[in-house]
**Q** 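One structure, pasted below without further comment.
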Amino acid sequence: MSGKTLSKIVDFYAKCGYKYDAKTIKKPADNVSSMISFIAILAEEKRFDKIKEFAKFLTWMDDFATSLEKATDIKSFPCAVNISKKIISDLKEKL
(Lines give C-alpha, C1' and ligand atoms only; values in the text may rest on other atoms or scores of the structure.)
Protein backbone atom coordinates (compact mmCIF):
# COMPACT_ATOMS: atom_id res chain seq x y z
CA MET A 1 0.00 0.00 0.00
CA SER A 2 1.54 3.26 -1.09
CA GLY A 3 0.58 6.46 0.69
CA LYS A 4 1.77 10.04 0.90
CA THR A 5 4.13 9.37 3.79
CA LEU A 6 5.68 6.37 2.06
CA SER A 7 6.26 8.51 -1.02
CA LYS A 8 7.86 11.24 1.12
CA ILE A 9 10.16 8.70 2.75
CA VAL A 10 11.25 7.33 -0.64
CA ASP A 11 11.84 10.92 -1.80
CA PHE A 12 13.90 11.60 1.33
CA TYR A 13 16.08 8.55 0.66
CA ALA A 14 16.63 9.84 -2.89
CA LYS A 15 17.41 13.35 -1.61
CA CYS A 16 20.16 11.77 0.49
CA GLY A 17 21.53 9.92 -2.53
CA TYR A 18 19.95 6.50 -2.02
CA LYS A 19 17.54 4.68 -4.31
CA TYR A 20 15.18 2.46 -2.37
CA ASP A 21 14.63 -0.73 -4.38
CA ALA A 22 11.62 -2.46 -2.80
CA LYS A 23 11.98 -5.44 -5.16
CA THR A 24 15.47 -6.19 -3.89
CA ILE A 25 14.82 -5.32 -0.26
CA LYS A 26 11.34 -6.97 -0.31
CA LYS A 27 9.75 -4.64 2.21
CA PRO A 28 8.37 -1.13 2.01
CA ALA A 29 10.56 1.90 2.58
CA ASP A 30 8.56 2.79 5.69
CA ASN A 31 9.19 -0.59 7.34
CA VAL A 32 10.68 -0.04 10.80
CA SER A 33 13.82 -2.05 10.02
CA SER A 34 14.37 -0.12 6.77
CA MET A 35 14.01 3.20 8.55
CA ILE A 36 16.35 2.25 11.40
CA SER A 37 18.88 0.88 8.90
CA PHE A 38 18.77 4.17 7.01
CA ILE A 39 19.44 6.11 10.21
CA ALA A 40 22.43 3.85 10.85
CA ILE A 41 23.76 4.65 7.38
CA LEU A 42 23.32 8.37 7.99
CA ALA A 43 25.05 8.07 11.37
CA GLU A 44 28.02 6.24 9.85
CA GLU A 45 28.30 9.09 7.35
CA LYS A 46 27.98 11.65 10.18
CA ARG A 47 24.98 13.25 8.45
CA PHE A 48 23.32 14.25 11.71
CA ASP A 49 21.40 17.06 10.05
CA LYS A 50 19.67 14.46 7.86
CA ILE A 51 18.92 12.26 10.88
CA LYS A 52 17.24 15.18 12.57
CA GLU A 53 15.24 15.87 9.42
CA PHE A 54 14.34 12.18 8.93
CA ALA A 55 13.14 11.86 12.54
CA LYS A 56 9.86 13.55 11.54
CA PHE A 57 8.91 10.19 10.02
CA LEU A 58 9.46 8.40 13.35
CA THR A 59 6.90 10.13 15.56
CA TRP A 60 5.01 6.83 15.90
CA MET A 61 7.79 5.09 17.85
CA ASP A 62 6.37 5.87 21.31
CA ASP A 63 3.00 4.40 20.38
CA PHE A 64 4.75 1.42 18.78
CA ALA A 65 6.71 0.67 21.97
CA THR A 66 3.55 0.95 24.07
CA SER A 67 1.67 -1.38 21.72
CA LEU A 68 4.47 -3.93 21.89
CA GLU A 69 4.48 -3.78 25.70
CA LYS A 70 0.74 -4.55 25.72
CA ALA A 71 0.82 -7.16 22.97
CA THR A 72 3.54 -9.50 24.20
CA ASP A 73 5.32 -10.70 27.29
CA ILE A 74 8.57 -10.69 25.34
CA LYS A 75 10.36 -7.68 26.80
CA SER A 76 13.09 -7.51 24.17
CA PHE A 77 10.76 -6.08 21.48
CA PRO A 78 9.69 -2.88 23.27
CA CYS A 79 13.18 -2.65 24.75
CA ALA A 80 14.68 -2.62 21.24
CA VAL A 81 12.30 0.16 20.19
CA ASN A 82 13.15 2.20 23.28
CA ILE A 83 16.89 1.74 22.69
CA SER A 84 16.41 2.81 19.06
CA LYS A 85 14.48 5.90 20.21
CA LYS A 86 17.30 6.82 22.62
CA ILE A 87 19.99 6.38 19.97
CA ILE A 88 18.04 8.49 17.47
CA SER A 89 17.49 11.17 20.10
CA ASP A 90 21.21 11.21 20.94
CA LEU A 91 22.15 11.41 17.25
CA LYS A 92 19.73 14.30 16.66
CA GLU A 93 21.44 16.22 19.47
CA LYS A 94 24.82 15.95 17.74
CA LEU A 95 23.98 19.05 15.70
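Note that this is a predicted model, so its numbers are computed, not measured.
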**Q** According to ring-ring contact (aromatic ring centres under 6.0 Å, His included), who are the partners of F12, at least two apart in sequence or on a separate chain?
**A**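 Only F54 meet the ring-ring contact (aromatic ring centres under 6.0 Å, His included) criterion with F12.
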**Q** Once you round to the nearest 0.5 Å, how far does CG of N82 lie from CD1 of I87?
**A**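 Rounded to the nearest 0.5 Å, the CG-CD1 separation comes out at 11.0 Å.
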**Q** List the residues meeting side-chain contact (heavy atoms from CB on, under 4.5 Å) with S89, not counting sequence neighbours, and say none if there are none.
**A**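 side-chain contact (heavy atoms from CB on, under 4.5 Å) list for S89, sorted by chain: E93.
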**Q** Tell me every residue that passes side-chain hydrogen bond (donor to acceptor under 3.5 Å, both in side chains) with K23, counting only those two or more places apart in sequence or in another chain.
**A**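 With neighbours one apart ignored, the set is empty.
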**Q** Restricting to side-chain hydrogen bond (donor to acceptor under 3.5 Å, both in side chains), what partner residues turn up for T59, sequence neighbours left out?
**A**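 Applying side-chain hydrogen bond (donor to acceptor under 3.5 Å, both in side chains) to T59 gives none.
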**Q** Quick one: side-chain hydrogen bond (donor to acceptor under 3.5 Å, both in side chains) partners of S34, sequence neighbours excluded?
**A**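 Per chain and number, S34 pairs via side-chain hydrogen bond (donor to acceptor under 3.5 Å, both in side chains) with Y20.
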**Q** Which heavy atom in K27 sits nearest to a heavy atom in S33, and how many Å separate them?
**A**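 Looking at all heavy atoms of both residues, the shortest contact is NZ-OG, 2.9 Å.
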**Q** Could you check whether any side-chain heavy atom of L58 comes within less than 4.5 Å of a side-chain heavy atom of I88, counting everything from C-beta outward?
**A**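 Yes; the side chains approach each other to less than 4.5 Å.
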**Q** For the residue pair I51 and I39, what are the closest heavy atoms and their distance?
**A**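 Result for this residue pair: CD1-O, 4.0 Å.
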**Q** Can you run down the salt bridge (Lys or Arg N to Asp or Glu O under 4.0 Å) pairs that involve residues 58-74, sequence neighbours left out, and say none if there aren't any?
**A**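 Passing the test, one end in residues 58-74: D62-K85.
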**Q** Looking at every heavy atom in both A29 and M35, which two are closest together, and how far apart are they?
**A**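 Residues A29 and M35, closest heavy atoms: O-CG, 3.6 Å.
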**Q** Check whether any side-chain heavy atom of F57 sits under 4.5 Å from a side-chain heavy atom of T5, and report yes or no.
**A**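 When only atoms from C-beta onward are counted, T5 and F57 do touch, with a gap below 4.5 Å.
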**Q** Can you confirm whether P78 sits close enough to F64 that some side-chain heavy atom of one is under 4.5 Å from a side-chain heavy atom of the other?
**A**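 The answer is no; the side chains never approach within 4.5 Å.
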**Q** Who are the side-chain contact (heavy atoms from CB on, under 4.5 Å) partners of I41, not counting sequence neighbours?
**A**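 Testing I41 for side-chain contact (heavy atoms from CB on, under 4.5 Å), a comparison that skips the adjacent residues, returns Y18, E45.
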**Q** For K15, enumerate each residue passing the salt bridge (Lys or Arg N to Asp or Glu O under 4.0 Å) test, keeping only those at least two apart in sequence or located in another chain.
**A**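 Testing K15 for salt bridge (Lys or Arg N to Asp or Glu O under 4.0 Å), a comparison that skips the adjacent residues, returns E53.
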**Q** If the condition is side-chain hydrogen bond (donor to acceptor under 3.5 Å, both in side chains), which residues does K86 pass it with, not counting sequence neighbours?
**A**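 Listed in chain order: D90.
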**Q** Return each pair, listed once, that meets ring-ring contact (aromatic ring centres under 6.0 Å, His included) where at least one residue sits in residues 67-90; pairs must be two or more places apart or across chains.
**A**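 Qualifying pairs, neighbours excluded: none.
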**Q** Test of understanding: with side-chain contact (heavy atoms from CB on, under 4.5 Å), list the residues that count as partners of S37, not counting sequence neighbours.
**A**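 Scan of S37 (side-chain contact (heavy atoms from CB on, under 4.5 Å), adjacent residues dropped) gives none.
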**Q** Is any side-chain heavy atom of I36 closer than 4.5 Å to a side-chain heavy atom of M61?
**A**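 In short, these two side chains touch, coming nearer than 4.5 Å.
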